[in-house]
Amino acid sequence: MSQYTAPVKDMNFVLFDVFKADEYWQSNSTLAEAIDPDTAKAILEESAKVTEQAIAPFSRTADEEGVQFNEGVVTTPECYKNAFNVVAEGGWIGLAGDPEYGGMGMPKSLAAMHEEMMCSADLAFALYPGLTAGACLAIRAHASDEFKETYLPNMYAGTWAGSMCLTEAHAGTDLGLIKTKAVDNGDGSYDITGSKIFISGGEQDLTENIIHLVLAKLPDAPEGSRGISLFIVPKRHVNQDGSSGENNNVSCGSIEHKMGIHGSATCVINFDGAKGYLVGEINKGLACMFTMMNYERLLVGLQGLGAAERSYQNALTYALDRGQGKGNPRMGEGATDPIIVHPDVRRMLLNMKAMNEAGRAFTTYVSIQLDKAKYDEDADVAKIANAKGQLLTPIAKAFMTDISLEMTIAGQQVFGGHGYVREWGQEQLVRDTRITQIYEGTNGVQALDLIGRKVAMDNGVTANTLAKEVIAFAQENEQLFPKELKQLTEAVDVLSAVTVDVLKKAAVNPNELGAASVDYLHLFGYVMYGYMWAKMMVAANNVSDEQLKTSKLKTGRFYFSRLLPKIHSLKAMIESGADELYQHSVDDF
Ligand SMILES: Cc1cc2nc3c(=O)[nH]c(=O)nc-3n(C[C@H](O)[C@H](O)[C@H](O)COP(=O)(O)OP(=O)(O)OC[C@H]3O[C@@H](n4cnc5c(N)ncnc54)[C@H](O)[C@@H]3O)c2cc1C
């Protein structure tokens, strides 16, 4: 795989010039103690060093070596051992973790940038620390103090890893169907029995122990998702002194052979009367698990962004070097010009650049909402930020990963036939990013979550608050970029009108929500990226770095003229409604 250069300059611009994160950190007593701009910049530089040097150079080797399975033993690619040690010893798993248990207490807005770099460097590898950090969040939020003390320090340190055990052979999206059983032993422990499939990092050779977060049902539990409880099930028992003991009747039955993320172990994990410990309340497990799942959903969006960023970097380097045909105007006197002269190659590169930079700003915006929800001292601010974070999480997961597939394919296309063969790494990025549209709840299900739970059930209140925020920003700055900010206001109007229309139709026919959902999510995504570009253009107008300023203003204009207009076709598709989908009888398919 080609070289990776972490986009630290753009990250600093987004964090400090666009969102003035430092001002917010200083205004908040907890964050002011944890972080200042110099420390944040040093963390970004260090993260860049780790990902560029210890992880990215080996991602192709890891893909080719893959994960091996032999009689229950899972072996990850050799280069992952060193990479994992570097990540663990650097404290990166606990970057945003609770300082009381050994975490570094950094804001999500900073941690998300580290996560993007990890995912660019090697998406498959990033799953091991990423799932561990996610499991820590759920334990931190819902487990007893005793469990927090037992598990969190070792997990933040990377001595133990975490996994998320939801899926069963017959229960994927519909987790209410799970069959894994939990039987109360009456001594604070439960016997867990069942088989989970597709468990990322369910077994590996990187850590001394694996702490599984397992969804299971008690014998008398209510039917469906209201009867699910959450358990901590360590792979090896934890001894009184905190060390890892004997195996806890947890075993790996097999691993999957997959299209991509070959370095990530995707396992069948069998629990045969394994000792588990309840987290949160009985039958409230799904809600507790959502703490982890929401975190993972933003991380999956960052996986998409990471892959697309790496693909863009490769494609740009190639387009500047590969000579084919002659352009207008020409670049030099040679027999050919580099392919970057051709309009279609420029279109692909600019699509990638515009969408990636907007994606980085968008994940930062979402992360700032999560930081405010967690840390803000004003309860009202925290509440609104929480609602916005919830609303935007399915967009971060699904829009960013749908776009990632498009962008990695564009990056592959820039290489022509050389993008299809292994040598340049572009095909790996396409294969690796494909799963991001599927796991952590398919993108179709994310779209339903957005339109059904986050918009319809809320009567559009949070979406409306956000729309007002965008319009206020556009009005405040319209004299700077009148054409683009007028377009942004119109885009918000389109989104608001579509929202009202779909909700009205859904009151008569509930299928209208599902029929509109994916296009609606994309429409929402393009409007949010428009907001991000407007914010970046306004911020860039004030920076002294002329190269950065010019690049941002030109790319922003490109977004408004070539990409935002997609909302009009999405609107038309949404308006066609549910009836069109139900014209076919099953026999007509
Ligand atoms: C590589 C990999 C790693 C994974 N890692 C983990 C992990 O660490 N832990 C874990 O627990 N799971 C993991 N998964 C499982 C993953 O989260 C599920 O595959 C995913 O949630 C979809 O479930 P399913 O495969 O059963 O598909 P199904 O639920 O059967 O869905 C099939 C199709 O039907 C659609 N669909 C289903 N229900 C609805 C509905 N109500 N409305 C509209 N459309 C619907 C879906 O969108 C999809 O297109 C992993 C999977 C893979 C492949």
Side-chain angles (χ1 to χ4, degrees), residues 63 66-67 74 123-135 138 161-180 194-204 210-216 224-225 228 230-231 233 252 254-271 285-286 288-290 292-297 299-300 303-304 307 394 397-398 401-402 431-453 510-521 578 581-582:
D63 177 63
V67 176
V74 171
L123 202 159
F125 174 77
L127 282 170
Y128 296 103
L131 279 156
T132 305
S163 91
M164 186 173 79
C165 298
L166 284 62
T167 308
E168 298 179 10
H170 58 285
T173 301
D174 192 352
L175 290 169
L177 300 172
I178 62 166
K179 289 185 182 153
T180 297
S195 193
K196 297 283 180 180
I197 68 162
F198 292 162
I199 305 308
S200 301
E203 177 56 358
Q204 35 80 359
I210 302 172
I211 310 308
H212 302 288
L213 287 183
V214 183
L215 291 182
S225 57
I228 298 175
L230 177 62
F231 299 88
V233 186
C252 177
S254 62
I255 59 170
E256 303 298 338
H257 303 280
K258 315 186 290 286
M259 172 180 177
I261 57 165
H262 290 158
S264 170
T266 310
C267 308
V268 171
I269 297 293
N270 299 317
F271 300 93
L286 208 50
C288 298
M289 201 69 181
F290 260 104
M292 180 169 185
M293 281 151 73
N294 277 335
Y295 166 85
E296 298 298 341
R297 284 173 180 175
L299 179 61
V300 176
Q303 291 172 3
K397 195 280 178 183
T401 57
D402 283 350
R431 286 188 287 107
D432 282 356
T433 207
R434 181 67 182 88
I435 185 60
T436 62
Q437 298 176 294
I438 297 171
Y439 60 18
E440 273 315 315
T442 61
N443 283 1
V445 170
Q446 300 299 320
L448 279 178
D449 179 46
L450 172 70
I451 202 166
R453 291 186 50 220
N511 273 339
E512 292 290 347
L513 288 181
S517 58
V518 168
D519 297 322
Y520 181 80
L521 180 136
L581 298 175
Y582 285 87

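Whatever order the structure lists them in is the order used to number ligands and atoms, beginning at 1.
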Extract all donor-acceptor atom pairs below 3.5 Å that involve side chains of residues 263-270 and protein atoms in other chains or at least two apart in sequence.
{"residue": "Thr266", "atom": "OG1", "partner": "Lys258", "partner atom": "NZ", "Å": "2.9"}
{"residue": "Asn270", "atom": "OD1", "partner": "Ser195", "partner atom": "OG", "Å": "2.7"}

Quiz item: Do the side chains of Asp63 and Arg431 get nearer than 4.5 Å, heavy atoms only?
Solution: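 Yes; the side chains approach each other to less than 4.5 Å.
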
Quiz item: Is there side-chain contact between Leu448 and Ser517, with heavy atoms separated by less than 4.5 Å?
Solution: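 Yes; the side chains approach each other to less than 4.5 Å.
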
Quiz item: Among pairs that include at least one residue of residues 170-180, which meet side chain to side chain donor-acceptor pair (under 3.5 Å), considering only residues two or more places apart or in two chains?
Solution: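 Pairs touching residues 170-180 that pass the test: Glu168-Thr180.
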
Quiz item: Considering residues at least two apart in sequence or located in another chain, which fulfil the salt bridge (charged side-chain N to carboxylate O under 4.0 Å, His left out) criterion with Glu203?
Solution: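 Here the qualifying residues are Lys235.
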
Quiz item: Between Arg297 (side chain) and Pro394 (backbone), is there a donor-acceptor pair under 3.5 Å?
Solution: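 Judged by distance alone, no pair lies under 3.5 Å.
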
Can you give me a line-by-line list of nitrogen or oxygen pairs between ligand 1 and the protein shorter than 3.5 Å?
{"residue": "ligand 1", "atom": "5 (N)", "partner": "Phe198", "partner atom": "O", "Å": "2.8"}
{"residue": "ligand 1", "atom": "5 (N)", "partner": "Ser200", "partner atom": "OG", "Å": "2.8"}
{"residue": "ligand 1", "atom": "8 (O)", "partner": "Ser200", "partner atom": "N", "Å": "3.0"}
{"residue": "ligand 1", "atom": "8 (O)", "partner": "Ser200", "partner atom": "OG", "Å": "3.3"}
{"residue": "ligand 1", "atom": "9 (N)", "partner": "Met164", "partner atom": "O", "Å": "2.7"}
{"residue": "ligand 1", "atom": "11 (O)", "partner": "Met164", "partner atom": "O", "Å": "3.4"}
{"residue": "ligand 1", "atom": "11 (O)", "partner": "Leu166", "partner atom": "N", "Å": "2.9"}
{"residue": "ligand 1", "atom": "11 (O)", "partner": "Thr167", "partner atom": "N", "Å": "2.9"}
{"residue": "ligand 1", "atom": "11 (O)", "partner": "Thr167", "partner atom": "OG1", "Å": "3.1"}
{"residue": "ligand 1", "atom": "12 (N)", "partner": "Thr167", "partner atom": "OG1", "Å": "2.7"}
{"residue": "ligand 1", "atom": "14 (N)", "partner": "Phe198", "partner atom": "O", "Å": "3.4"}
{"residue": "ligand 1", "atom": "29 (O)", "partner": "Thr173", "partner atom": "N", "Å": "3.0"}
{"residue": "ligand 1", "atom": "29 (O)", "partner": "Thr173", "partner atom": "OG1", "Å": "2.5"}
{"residue": "ligand 1", "atom": "47 (O)", "partner": "Thr442", "partner atom": "OG1", "Å": "2.6"}

